[in-house]
Amino acid sequence: MGERVPEKAGRQFWRAGFFFVGLGLAAAFYGGFTLFAGNMPEEEAAALSVTASPVLWNPDDWEEKQTGKLRFIAGLELSSDNPDFGGLSGLWISPDGAALLAVTDQGNWLSARPVHTGIALSALEAARLAPLRGPDGQALEGKAMQDAEGLALGGTLACVSFERVHRISCYTHEEGAIGPYAANIDIGTLKETLPLNGGLEALAILPGKETPPALLAIGEKAGDDGTMPAAFLSAAGVKTTAIGEKEPFSITDAAFTAKGDLILLERRYSPLSGVGLRLRRIKAGALNEEGPLAGEELLNVGQSYTIDNMEGLAIRETAEGRLFLYLISDDNFSAAQHTLLLQFELIE
């Protein structure tokens, strides 16, 4: 769930044979994907015209390129005449940078082909928009069912976290598109810690070749103990953990680097100070430590920079070892907000 910004501004196991509801056919999950009615004909993915306009990182200092441990590479403001465009949250970029996927809090998925000029993101082409579907093959209906927040891809799976009706649903994924619904993942007791409008905002695939892939899910809002509820989800079960809260920020997304470091995207908003953005890194070696996970700050900026309600994070690493971060904002379908797609490089 995005903050609306004014103009200024125990061990549970994965059920159903790890995935297949009532069938116990986990191996078939990587087969032909024909056992459910959720097949989405290609023609139902509507072509979308998206305008991508370049933006400055710091309008007050055009020369500023590095802030904290990040170097700004490029930024785009995205717009479309299609009224269903917007509300973008979870984000994925393919390893070669040639495919993009996002989900919206109105129950749609967006695909596009990013264009890079050199290393810099410069445009989006071949955008398509289509509804996420339920077990019956029908498009999700009503805000309570449509409120998609996190997106994580592993192998042939695209997993989406939802709030309000808290759940993680997995779909087939192929060639830059989200396909038929497969099944929900059991999130165990984590569900009991989540408020209605503060669900599993962040979802990340752990590095490795585990099948089905292991996930980390993180709640948006801190509990009474001041920590963000979280859990590692795998075929072995559910292992709860917690992320240390650093007020006034809330976690909106997360992604792992290839070597296992966890990057957290966080947002703050208040009428007085406006919107803010922070990125934190928890090193791989710290993920098994006892107590709330904390990490180091990579970036912390306010509304003097070109940011909005930043909700999606994707990581792309090159063969040369360069690590790029892509951030996308949720405009809440408000004329007072903007859909931004920002690209940074992590500088050690």
Side-chain angles (χ1 to χ4, degrees), residues 29-30 33 45 50 52 69-76 78 88-103 109-128 150-161 170-179 182 202-217 234 253-265 279 281-284 287 298-299 310-328 340-348:
F29 195 78
Y30 293 88
F33 316 120
V50 175
K69 292 189 175 182
L70 296 184
R71 181 165 69 96
F72 178 71
I73 302 298
L76 301 174
L78 308 178
L88 301 174
S89 192
L91 180 67
W92 172 84
I93 301 282
S94 63
D96 61 0
L100 173 151
L101 276 174
V103 291
W109 60 265
L110 170 77
S111 70
R113 183 171 64 246
V115 177
H116 292 80
T117 302
I119 63 169
L121 181 68
S122 56
L124 280 188
E125 295 180 345
R128 297 184 299 156
L151 173 65
L153 272 69
T156 54
L157 296 180
C159 297
V160 181
S161 62
C170 286
Y171 301 81
T172 64
H173 162 258
E174 186 177 1
E175 297 181 355
I178 292 179
L203 193 64
I205 294 279
L206 275 70
K209 297 182 179 180
E210 184 174 347
T211 301
L215 294 162
L216 173 63
S234 73
D253 208 358
F256 284 95
T257 67
K259 64 181 182 180
D261 293 348
L262 176 64
I263 309 294
L264 299 173
L265 171 63
L279 287 160
R281 174 173 58 185
I282 301 174
K283 290 294 189 73
L287 291 173
L298 301 176
L299 178 70
M310 311 308 296
E311 289 217 1
L313 167 67
I315 291 175
R316 181 171 71 89
E317 299 183 58
T318 70
E320 297 76 28
R322 303 179 75 170
L323 193 152
F324 296 102
L325 287 77
Y326 296 78
L327 280 60
I328 203 163
L340 300 173
L341 180 58
L342 309 177
Q343 180 193 11
F344 298 89
E345 182 175 10
L346 179 61
I347 304 297
E348 297 291 353

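Shown here for L215 and A152, the closest heavy-atom pair between the two residues is CD2-CB, 4.0 Å. A102 and L88 make their closest contact through CB-CD2, 4.2 Å (heavy atoms, listed as atom of the first residue, atom of the second, distance). Heavy atoms only, all atoms of each residue included: I73 and E345 are closest at CG1-N, 3.8 Å. Scanning all heavy atoms of the two residues, the minimum distance from L76 to A123 falls at CD1-N, 3.8 Å. Looking at every heavy atom in both residues, E317 comes nearest to A258 through OE2-N, 2.6 Å. Nearest approach of I328 to S89, heavy atoms of both residues: CG2-O, 3.5 Å.
The CG atom of L262 sits 12.5 Å away from atom NZ of K283, with the distance rounded to the nearest 0.5 Å. To the nearest 0.5 angstrom, I93 atom CD1 is 7.5 Å from L121 atom CG. With rounding to the nearest 0.5 Å, the separation of CG in L153 from OG in S94 is 10.0 Å. Of the inter-residue distances, the one linking L327 atom CG with L340 atom CG reads 10.0 Å to the nearest 0.5 angstrom. With rounding to the nearest 0.5 angstrom, the OH atom of Y326 is 8.5 Å from the CG atom of L341. To the nearest 0.5 angstrom, L279 atom CG is 6.5 Å from L313 atom CG.
Using a distance-only test at 3.5 Å, with no hydrogens or angles considered, a donor-acceptor pair links the side chain of D261 to the main chain of A284.
Between F256 and L287 there is a side-chain heavy-atom pair separated by less than 4.5 Å. No side-chain heavy atom of I119 sits under 4.5 Å from any side-chain heavy atom of T318. Between L265 and L325 the shortest side-chain heavy-atom distance does not fall below 4.5 Å. A 4.5 Å side-chain heavy-atom check between K69 and L346 finds at least one atom pair inside the cut-off. The closest side-chain heavy-atom distance from L151 to W109 is not below 4.5 Å. Side-chain contact between I315 and L323 is present, with at least one heavy-atom pair separated by less than 4.5 Å.
In summary, the aromatic rings of W92 and H173 are positioned with their centroids under 6.0 Å apart.
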